[in-house]
Amino acid sequence: MSIANEHLLEIRELVKDHLAHHDERKLPAEREQALKQQIRANLERENAVLIAHYSTQDAVQDLAEETGGRVSDSLEMARFGHAHPARTLVVAGV
């Protein structure tokens, strides 16, 4: 892993820690799983990839990574999206 990637992981953890202190409205686990499955199916059907900013909720970040997308800062999101072969980019973040 490069120093830049290590730095990005550090930043991600700092942002996650910060966001963990905010009040969030949690969905019931069954509803969250149903939505994740629907989003996965839509991404596949549309030949799309999800890219998420560090400032998004953990569930969004996890889904991006689980579906072959990326979690990063805005510049890395742009780079990833530019290089990815997907027809559509779904951007979650700033």
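Just so it is clear, the values below take in all heavy atoms, side chains as well, and ignore hydrogens, waters and symmetry mates. These figures come from a predicted structure and were not determined experimentally.
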- Does Gln61 reach the main-chain N or O of Thr56 with its side chain, forming a donor-acceptor pair under 3.5 Å? yes
- How long is the span from the NE2 atom in His84 to the CG atom in Asn47, to the nearest 0.5 Å? 8.5 Å
- With sequence neighbours left out, write down each residue that passes side-chain contact (heavy atoms from CB on, under 4.5 Å) with Val90, or none if nothing qualifies. Leu43, Ala48, Leu50
- Query: For the hydrophobic clusters of this structure (ILVMFWY residues joined by side-chain heavy atoms under 4.5 Å, transitively), does one cluster hold both Val49 and Val91?
  - Reply: yes
- Query: NE2/His82 to CG/Leu89 distance, rounded to the nearest 0.5 angstrom?
  - Reply: 11.0 Å
- Task: To the nearest 0.5 Å, tell me how far Asn42 CG sits from Arg45 CZ.
- Result: 4.5 Å
- Item | Exercise: identify the closest heavy-atom pair between Leu9 and Tyr54 | N-OH, 4.5 Å
- Between Arg70 and Met77, is any pair of side-chain heavy atoms under 4.5 Å apart? no
- Query: Which residues pass the side-chain hydrogen bond (donor to acceptor under 3.5 Å, both in side chains) test with Gln33, sequence neighbours left out?
  - Reply: none
- Query: If you look at every heavy atom in Asp62 and Lys36, which pair is closest and at what distance?
  - Reply: CB-NZ, 4.4 Å
- Query: Does any non-hydrogen side-chain atom of Leu35 lie less than 4.5 Å from one of Gln38?
  - Reply: yes
- With sequence neighbours excluded, residues passing side-chain hydrogen bond (donor to acceptor under 3.5 Å, both in side chains) with Arg40: Gln37, Glu66
